[in-house]
Novice: 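Here you go, one structure.
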Protein chains: 2
Amino acid sequence: MSPAAVTSDSTEENEENIAIQHSPSARKLCPHNTNISCASCRLNELCLPIALNKAEVHQLDEIVERNRPYKKGDHLYRQSDEFKSVYAVRSGSFKSYVLSDTGQGRVTGFFLPGEIIGMDGIASKHYANSTQALEHSSICEIPFSQLEKLSHQLPNLQHHFFAIMGNEIAKDQQIHTLLSSYTAEERTASFLLGLSSRYARVSLSPSRFLLPMTRSDIGEYLGLTVETVSRIFTALQRKRLIEVNNREIELLEIDTLREIIGVN
Amino acid sequence: MSPAAVTSDSTEENEENIAIQHSPSARKLCPHNTNISCASCRLNELCLPIALNKAEVHQLDEIVERNRPYKKGDHLYRQSDEFKSVYAVRSGSFKSYVLSDTGQGRVTGFFLPGEIIGMDGIASKHYANSTQALEHSSICEIPFSQLEKLSHQLPNLQHHFFAIMGNEIAKDQQIHTLLSSYTAEERTASFLLGLSSRYARVSLSPSRFLLPMTRSDIGEYLGLTVETVSRIFTALQRKRLIEVNNREIELLEIDTLREIIGVN
DNA sequence: CTAGCAAATTAATCTAAATCAATATTCTGC
DNA sequence: GCAGAATATTGATTTAGATTAATTTGCTAG
């Protein structure tokens, strides 16, 4: 991944675009509506409000900041920025990455609607990675100190946030196993199946979807090179397990893909 | 409840020993004292009690169960057991691992005194891996439902437990980066330096320590084979960066080891 | 529409680490 | 202390995936 892609948006440049694109009048017309309450959000069954009753959701609503949309490449935060909030993806997608000394990026995660970003900063009070929109996306920002305060009032919220963090831990450990012992093909199959079920979770097709990230992003995430990712895609296509068309993916044989990971 | 929770290693070599060693009378004589309160525990500055005041530590004490010691190979819990508690290591060390279909183990983590085990089970209510003592070890068991209840009463505890989980997430993501782009030597150096600072944390020497795990465990954890781990150890020794004597490790050139990871 | 660049594919070669194999060392229980 | 089993080391060979390189496709801005 070229450094240019990462740094293409300076903060300043950002501000102007935002001023233009998201003027009060434009705001209402924007498809990534910023005025949805948690109560009416289509994601409220998977996001933070899950397990909260009406009154509680209302309280949560009060602390959620619905920011203006992010354009492709815009940063949510950067590595070592002071930790202030966690974010829930409302639409679009994001990637987290760290930069090595040599300027090489290493993608540490992808985030789809309903998923929570930024928990890596909780302990150290500084984000451990940078996070960037992969496409035009919208976000709910939840200031963490307020989330903590509210969690203290609402046992359900505390319980649920523990669960969200626990889920992140379990997921990260699965990736540990993936990277420490799976082949390139297994990693790739696992990655596609993972995306598939995450799309299913938000009521999108589990067998046909667009990849919001580049092959390079995928490679960095899976510990492979772009070339290898590309080759594996071609190979899986030749085996008629998937159909690839640039960013468009169709999973033709989900069960066989599952076998690829299960077998070894 | 607790005695049943301890299960002997599947290599049924020690069934009888358990019966003998953990009889009620033997218990009192055990060097890994089970009657230390959190308030008087030498680890209370790094473990859960940190940031709690005296009265609060006392409340925490009430819910902590100090189980009898675990022998090498004893399991704290097994993959897919119902999640009930998190555990704080009081002495000794543990490893977590998952078994692949082929029966191959993959080590997912090592735990030293003052560290918390079991958070991977919080979300799904079932442990995602098995955890086993690497040596004679002792544990504080903290039933999670009670920890949640108490966290709700003590904002400091809630805050701290969020931090502990956040730390786990950040740590897991570092390993993700390690596995996805570091060479065998870099991984090994990073592993040794990690152990070093974890030992320092519990006031043990950061430059001289015993590895509680086998080369094979290290290999599985780092995504390398035993042979490679052994070779790297030998190579680092030849470079006079470390001194290895079976399980005994001395870090001779910590800064140079750091450079190994920093450079690429 | 097209120039210019980013992203993706494909092929040829190389290499770090795996695998295979043999030996040495260290633990464990009798 | 000794036998047998783990554990660890070392060497020879193989290989999966990296690297290098060239080409193609797609995308964006003028």
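Proteins get letters first, then strands, A, B, ... in listed order; numbering begins at 1 in each. Worth saying up front: this structure is predicted, and the values here are computed from it rather than measured.
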Novice: Write down the distance between CE (A:Met213) and P (C:dA8), rounded to a whole number of angstrom.
Specialist: 11 Å
Novice: Is the positively charged end of B:Arg201 above the ring of B:Tyr199, judged by distance under 6.0 angstrom from the centroid and angle within 45° of the axis?
Specialist: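 Relative to the ring axis of B:Tyr199, which defines the angle, B:Arg201 lies outside at least one limit.
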Novice: Does the A:Ser230 side chain pair with the main chain of A:Val226, one donor and one acceptor, at a distance under 3.5 Å?
Specialist: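 Absent.
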Novice: For nucleotides 24-30 of chain D, read 5' to 3', which letter fits each nucleotide if B means a protein heavy atom sits under 4.0 Å from the base, S means only the sugar-phosphate is that close, and - means neither?
Specialist: --S----
Novice: Once you round it to whole Å, what is the distance between P of D:dT7 and CD1 of B:Ile218?
Specialist: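 For the pair B:Ile218 CD1 and D:dT7 P, the rounded distance is 13 Å.
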Novice: Less than 4.0 Å between a side-chain N and a carboxylate O, is that true for A:Arg198 and A:Glu115?
Specialist: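 The answer is yes: the pair qualifies as a salt bridge.
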Novice: Mark yes or no for whether A:Asp172, through its side chain, and A:Ile169, through its backbone, hold a donor-acceptor pair below 3.5 Å.
Specialist: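 Checked: no pair found.
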Novice: Just by distance, do the side chain of A:Glu186 and the backbone of A:Thr183 share a donor-acceptor pair under 3.5 Å?
Specialist: yes
Novice: Between C:dT25 atom P and B:Glu248 atom CD, what is the distance in whole Å?
Specialist: 17 Å
Novice: Using atom names, set out every protein N or O paired with an N or O of nucleotides 10-19 of chain D below 3.5 Å, distance rounded to 0.1 Å.
Specialist:
| unit_1 | atom_1 | unit_2 | atom_2 | d |
| --- | --- | --- | --- | --- |
| D:dT10 | OP2 | B:Thr234 | OG1 | 2.8 |
| D:dG11 | N7 | B:Arg231 | NH1 | 2.9 |
| D:dG17 | OP1 | A:Ala184 | N | 2.7 |
| D:dA18 | OP1 | A:Gly223 | O | 3.4 |
| D:dA18 | OP1 | A:Thr225 | N | 3.4 |
| D:dA18 | OP2 | A:Thr225 | N | 3.4 |
| D:dA18 | OP2 | A:Thr225 | OG1 | 3.0 |
| D:dA18 | OP2 | A:Thr228 | OG1 | 2.3 |
| D:dT19 | O4 | A:Arg231 | NH2 | 3.0 |

Novice: If pairs are Watson-Crick or G-U with both distances under 3.5 Å, what is the dot-bracket string of DNA chain C, marking crossing pairs with [ ] and pairs to another strand with |?
Specialist: ||||||||||||||||||||||||||||||
Novice: Mind checking what makes ring pair (Phe, Tyr, Trp, His ring centres under 6.0 Å) contact with A:Phe110, not counting sequence neighbours?
Specialist: A:Phe191, A:Tyr221
Novice: Using side chain to side chain contact (heavy atoms under 4.5 Å, CB included) as the criterion, list what pairs up with B:Asp81, not counting sequence neighbours.
Specialist: B:Tyr77, B:Arg78, B:Tyr127
Novice: Any sub-3.5 Å donor-acceptor pair from A:Gln132's side-chain atoms to A:Gly73's backbone N or O?
Specialist: yes
Novice: Within the distance-only criterion (no hydrogens, no angle test), does the side chain of A:Ser138 pair as donor or acceptor with the backbone N or O of A:Arg90 below 3.5 angstrom?
Specialist: no
Novice: Nearest whole Å is fine: how far is C:dA8 P from A:Phe233 CZ?
Specialist: 9 Å
Novice: Between A:Glu220 and A:Arg106, does at least one N-O distance fall below 4.0 Å, as a salt bridge requires?
Specialist: no
Novice: Name all residues meeting the side chain to side chain contact (heavy atoms under 4.5 Å, CB included) criterion together with B:Thr214; count only those two or more places apart in sequence or in a different chain, and write none if there are none.
Specialist: B:Ser216, B:Asp217, B:Arg247
Novice: Could you check how far CG of B:Leu210 sits from C1' of C:dC27, rounded to whole Å?
Specialist: 14 Å
Novice: When the distance from CG of B:Leu134 to P of D:dA6 is rounded to whole Å, what number comes out?
Specialist: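 Whole-Å distance recorded here is 17 Å.
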